[in-house]
Amino acid sequence: MGNCKGQCYQKSLSQTNNIDCTKLVIVVKTWQKDAFSLFDYENATNVQEQKFIINSGGYLVGRNQIEWIENDSIIKDELCKIKKKNENYFIVNPNFQNVDKKQVIQEKEECHTIVNKTVSDKIGNKIWKVIHENGILLQEEDVIKLGRVKFTIRQIALDIKPQEQRSECESSQSNGSEQAMCRVCCSSQKNPKNPLLNPCKCSGSIKYIHLECLKTWLRMKLENRQSDNCIVYLWKNLECELCKYNYPPKFKSDDAYYDLVELSKPNDYPYLMMEFTNKQGQQLEWNNSSGIYILKFLNVQELKVGRSNETDIRVNDISVSRNHAKLQVQDKKVYLFDNHSKFGTLHLLRSEKIQIQRGMEVQVGRSLISFS
């Protein structure tokens, strides 16, 4: 690593993985094909490689031809910002406000919906950490990317107790009044776990519906595809059969917010729930659909993910390898591992900055950035 070998040997073993020397070596490989911000990890053809040795903070800029600049007065086509502090180097996340403080809830009282807005449509390029065979621990709200398909981890529930779950649902106390009655089951009973909601524009005697009745209706309306270890719920537009109002992804009822995705979660087996949105340009099997994958961890500790019919979790997109990745449960935690996929398995950087370590790789757009 440059001329800092003597300094490195004086560091303790616990610090050897951190790059805290005077010089930092950066290798940038840029795939010359502009295709959905992908990088081909299998084929070195059409890949331009550049090397930079730096000893201070600055910026990697450019698209095909990458440059290193330290002057931040004029920054155009920023690829990545690197900051140096106390002989350590950090990658600065330009989308930190978008990711961790991302949603400003704007209420529309007239239609009882909420709209998710970001602080800015785009502050900078998203920085993805490359996942290799050593894997990464998944947490709720993480965003992962397989090829060009993005998933948000909505919930990880590995301690489900079916009997307790059922007893809670069955315990029902009547707190309702005669004026509020569910239009499905015609009952006025309600409790905190099963309230009466007003999710649409219906009024009068058909205004309310129980939360559990709405869940049942949703499961019937959503298109679903099932295998032994995976359930996929899909939707384009969900509308009330009475007032024809399109249910938004999130809605408000009596000062509480409800999420259609959350309403589809199971309660009788361990699972991981991840959401996808099919944006324009993707060629998933279900065009213009959004949906959720519910991955069952019932008597199984490992699930294979890929495009092949032989995998446990099938993602039918050409950018996903036939046997792309795998999910493993270890000590009641879920880990994601790559399986030498063509277009990589990535994990979105969510923190404000991340300390650079030896051998660390990140992908920004179609550029792979390695540190040594």
Side-chain angles (χ1 to χ4, degrees), residues 38 41-42 128-162 165 219 222-235 259 261-278 282-286 289-348 350 363:
L38 294 174
Y41 288 85
E42 285 186 348
W128 301 87
K129 187 173 182 180
V130 181
I131 302 175
H132 293 291
E133 298 81 17
N134 54 349
I136 191 169
L137 172 65
L138 291 181
Q139 298 178 339
E140 293 180 1
E141 300 305 322
D142 279 353
V143 179
I144 60 175
K145 187 178 177 185
L146 282 63
R148 60 183 175 182
V149 183
K150 299 176 185 177
F151 294 97
T152 301
I153 307 300
R154 294 296 299 268
Q155 191 168 14
I156 300 174
L158 302 180
D159 289 327
I160 296 295
K161 298 179 180 179
Q165 291 283 345
R219 293 191 182 104
L222 297 179
E223 180 184 356
N224 71 84
R225 309 193 178 185
Q226 299 191 32
S227 63
D228 293 338
N229 302 107
C230 180
I231 302 176
V232 183
Y233 287 108
L234 305 166
W235 63 84
D259 190 328
V261 173
E262 291 294 324
L263 298 185
S264 301
K265 66 184 180 182
N267 57 13
D268 55 355
Y269 51 79
Y271 66 91
L272 180 148
M273 177 189 290
M274 56 187 190
E275 178 184 8
F276 74 91
T277 301
N278 194 359
Q282 292 184 355
Q283 299 295 320
L284 285 174
E285 179 180 6
W286 316 289
S289 295
S290 299
I292 55 173
Y293 279 66
I294 297 176
L295 316 181
K296 302 179 186 178
F297 287 100
L298 185 62
N299 301 323
V300 64
Q301 300 297 313
E302 179 178 309
L303 297 175
K304 296 179 181 179
V305 187
R307 197 176 77 251
S308 170
N309 290 327
E310 299 176 357
T311 56
D312 303 298
I313 306 160
R314 188 166 182 261
V315 183
N316 188 23
D317 185 88
I318 192 63
S319 67
V320 177
S321 297
R322 293 181 59 81
N323 192 356
H324 194 106
K326 64 181 178 180
L327 291 158
Q328 281 188 356
V329 175
Q330 302 175 11
D331 300 324
K332 294 185 178 181
K333 296 178 180 179
V334 181
Y335 295 83
L336 175 65
F337 300 84
D338 182 66
N339 191 34
H340 304 284
S341 60
K342 181 176 180 63
F343 292 115
T345 303
L346 309 176
H347 179 261
L348 184 64
R350 297 171 59 199
Q363 183 177 327

side-chain hydrogen bond (donor to acceptor under 3.5 Å, both in side chains) against [X], all qualifying residues, sequence neighbours excluded:
X      : result
Tyr271 : Gln155
Glu302 : Gln328
Lys333 : none
Asn229 : none

Going by side chain to side chain contact (heavy atoms under 4.5 Å, CB included), name the residues that satisfy it together with [X], two or more places apart in sequence or in a different chain.
X      : result
Lys296 : Ile231, Tyr269
Thr345 : Ile131, Leu146, His324, Ala325, Leu336, Asp338, Ser341
Asn339 : Asn323
His132 : Val130, Asn134, Glu361

Pairing residues for Phe151 by the ring-ring contact (aromatic ring centres under 6.0 Å, His included) criterion, not counting sequence neighbours: Tyr293

To the nearest 0.5 Å, what is the distance between [atom1] ([X]) and [atom2] ([Y])?
X      : Y      : atom1 : atom2 : answer
Glu141 : Thr152 : CD    : OG1   : 7.0 Å
Ile136 : Lys129 : CD1   : NZ    : 5.5 Å
Lys342 : Glu42  : NZ    : CD    : 5.0 Å
His347 : Asp142 : NE2   : CG    : 3.5 Å
Gln139 : Arg350 : CD    : CZ    : 7.0 Å
Ile313 : Leu295 : CD1   : CG    : 4.0 Å

Qualifying residues under salt bridge (charged side-chain N to carboxylate O under 4.0 Å, His left out), relative to Asp312, sequence neighbours excluded: none

Specify the closest pair of heavy atoms between [X] and [Y], including all atoms of both residues, with the distance to one decimal.
X      : Y      : answer
Lys304 : Thr311 : O-CB, 3.6 Å
Ile153 : Met274 : CD1-CB, 4.0 Å
Leu327 : Phe297 : CB-CZ, 4.3 Å
Trp128 : Leu348 : CE3-N, 3.4 Å
Lys150 : Lys145 : CG-CG, 4.1 Å

Student check: side-chain heavy atoms of Arg225 and Leu234 closer than 4.5 Å: yes

Pairs meeting criterion salt bridge (charged side-chain N to carboxylate O under 4.0 Å, His left out) with involvement of residues 320-332, two or more places apart: Asp159-Lys332

His340 and Glu133: side chain donor to acceptor below 3.5 Å: yes

